[in-house]
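Just so it is clear: chains get the letters A, B, ... in the order the sequence lines come, proteins before strands, and each one is counted from 1.
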Amino acid sequence: MVDDILVRALLDEGLPPLSEPEPEIDAPDLPPGGVAIDVRGLTKAFGETSVLHGIDLHVRSGEFLSVIGKSGCGKSTLLRLLAGLDQPSGGEVLFDGAAAARTAHIGRLMFQEPRLLPWARVVDNVAVGLGDRRRSVHAPRRALAKLAAVGLEDRADDWPSVLSGGQKQRVALARALASSPNFLALDEPLGALDALTRIDMQALVEQIWREQGFTAVLVTHDVTEAIMLGDRVILIEDGIVKLELAVDLPRPRHRGSPEVAALEKKILRYLFDDGSYQPRQRAA
Amino acid sequence: MSDTQITLPRPFVRPVQPGAAPHLRRPKATLRQLLLSDAASWIVPALLLLVWQATAQLGLLPTNVLPAPSEVVAAAWRLTVTGELPVNLLVSAKRAVIGFLIGGSLAFAFGLLNGVSRIGEKLTDTTFQMIRNIPNLAMVPLVILWFGIEDSARVFLVALGVFFPIYINTYHGIRTADAQLVEMGRSYGMSNWELFRQVILPGALPSIFVGLRYALGIMWLTLIVAETIAANAGIGYMATNAREFMQLDVVVLAILIYALLGKLADSTARFLERTALKWHPAFQATP
């Protein structure tokens, strides 16, 4: 009876009837918190080529893990497996101790390219990230709020083609955050940006991560970036974890501070002494 | 920094005389504006018309070769009053629209189907490609035997003609969907329908519009030929009839009407294109 009245009232208002209860949707966004990730004996082969030969990894809930390694070392493959875009050839990935399909956590992947829909306005691109809630009446408001979080609320009605590279990647970040993920995978998302925009974006990613408390895994080829953002840095080489290094520095960290420089040196020395790694030139 | 500025040679920093520049620039700017406006595309047709009228009036153009535009206008008026022109125009337009809708919607449907489904493609694409290579006007004798000279003959030919450009371009547009965007959509949990509606179809639209514009051209071409060869009404029939009675003005009128209808169809397609592809950088520059 009560439901009936509610439905009729909503129809009179011209609003779609609620097929599922929505109070939680209108509730203010609480920081989603993270999810612990356990990777056990993970392998991945493409045909004859084996890319990952048994990765074991534990990422604490809310931890920021940086993954570095040279091109083709399998770091992006690892990330795609974590994000569920590909299926592993062997081993398993557990979220809070359960297989991905059986947990309620939300995982999002931020790609190296912005991958915005060119035919959708900026705000509608962010709404894509709302997942199941993108059809809700609150979707535009929520999308705008996420856009505001990356400082682009005034570009909401623009087409993506008029934005700069950095702005596009910020929209992509807002889209990834729209569904308040517990796990955010970042696949070199800042790799194509110029050096100054990159520093801004690193600060933004760090700030949002601290506010939201999600678990973050960042794949990068930039050692400084890995140290600036990560609680821990791992180096992948030849499909296995070669080096693991805790970064116990207070945040916000300072680019060029002696502690950061020392860690950077440590990693680079390892890479050079190992002989197989040539640091990639940073994109200009 | 400031040192280099001070040592700059004088002429580089001397201001331009105020007043002189706008005076020089204004006529150029207005001419440029005129040439860039929508009206500019009609300058050449209007000039051609003027030259045509002038040469006809000066007797340089024999009337049994080409009647003066004024005579064509007079013929248009005469036929409008008798009702012959509106009736024939309506008949032709009806055939064009019906044929286009039948052929176009079938082509669109098959283009989408074969674009997204490998089975659909395997089953039908080869057949379509074989039929496509038959010039559709080669079917005219067969079509006359099937349908006689009724309306359905022209509708069939138009539908067949518009089918292939729309089919091929729709299919191509869907097939070349951006794989990165599709992957993005999937990773954000889009259903197949959402993926199609939000990612694949919008991406295919530019290609579909190319097909649409081609199809509109073929639509008129097919109709003209079909109506000229065998018909009992329509603009093409009117022209053939006029030829029998040596009414050159009516023949020319028919040709001009086809030109105008073609332009109208193209403008409609362009308008739709501009509306649907507002997001496309190529359409943002146009004011």
Side-chain angles (χ1 to χ4, degrees), chain A residues 76 79-87 100-101 104-135 139 143 157-163 168 171-172 174-179 181 183-187 189 192, chain B residues 108 111-112 115-116 166 169-213 269-287:
Chain A
S76 285
L79 203 68
R80 291 174 63 89
L81 293 176
L82 293 183
L85 250 65
D86 290 328
Q87 292 308 308
H105 85 278
I106 297 173
R108 288 287 180 244
L109 173 63
M110 202 178 155
F111 300 95
Q112 183 166 12
E113 318 79 23
R115 301 202 188 181
L116 303 179
L117 299 174
W119 40 82
R121 307 267 179 189
V122 164
V123 66
D124 297 323
N125 264 296
V126 176
V128 165
L130 289 170
D132 292 339
R133 291 179 295 190
R134 61 180 150 249
R135 283 175 296 271
D157 291 324
D158 281 334
W159 299 113
S161 58
V162 302
L163 301 183
K168 282 180 191 163
V171 175
R175 179 179 63 190
L177 296 171
S179 49
F183 166 47
L184 182 62
L186 301 130
D187 188 5
Chain B
F108 186 62
L112 292 184
V116 297
I166 294 188
N169 284 288
T170 304
Y171 171 81
H172 176 258
I174 300 277
R175 265 299 149 90
T176 52
D178 187 334
Q180 290 196 331
L181 287 183
V182 171
E183 188 184 64
M184 183 281 296
R186 281 205 192 287
S187 84
Y188 278 95
M190 283 189 183
S191 65
N192 280 340
W193 168 248
E194 281 178 305
L195 207 58
F196 175 75
R197 182 65 201 79
Q198 294 190 34
V199 180
I200 298 174
L201 187 61
L205 270 187
S207 177
I208 292 172
F209 273 110
V210 171
L212 180 73
R213 289 179 69 176
R270 284 176 82 134
F271 171 75
L272 289 175
E273 197 173 42
R274 270 212 297 272
T275 314
L277 303 182
K278 260 188 295 201
W279 55 270
H280 203 288
F283 293 92
Q284 281 165 5
T286 46

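Rounding to the nearest 0.5 Å gives a distance of 11.5 Å between CE of Met184(B) and CD of Glu113(A). Separation of atoms CD (Gln180(B)) and CZ (Phe111(A)) is listed at 8.5 Å; rounding is to 0.5 Å.
Scanning both residues, Leu116(A) and Leu181(B), for their nearest heavy atoms gives O-CD2, 3.6 Å. Residues Trp159(A) and Lys278(B) share a closest heavy-atom pair of NE1-O, 3.6 Å.
Listed by first and then second residue, the salt bridge (Lys or Arg N to Asp or Glu O under 4.0 Å) pairs that reach into residues 184-195 of chain B are Arg134(A)-Glu194(B), Arg135(A)-Glu194(B), sequence neighbours excluded.
Residue Ala83(A): no heavy atom, backbone or side chain, is found under 4.5 Å from chain B. For Ile106(A), no part lies near chain B; criterion is any non-hydrogen pair under 4.5 Å. Looking at Leu109(A), the atoms closer than 4.5 Å to chain B (heavy atoms on both sides) all sit in the backbone: N, CA, C or O. Only the side chain of Arg108(A) comes within contact range of chain B, with heavy atoms under 4.5 Å apart.
Interface check for chain A: of the options Ser187(B), Gly185(B), Gly189(B), Ala276(B), the most heavy-atom pairs under 4.5 Å are formed by Ser187(B). Heavy-atom pairs under 4.5 Å with chain B peak, among Gly84(A), Ala176(A), Ala120(A), at Ala176(A).
Between the side chain of Trp119(A) and the backbone N or O of Gln198(B) there is at least one donor-acceptor pair closer than 3.5 Å.
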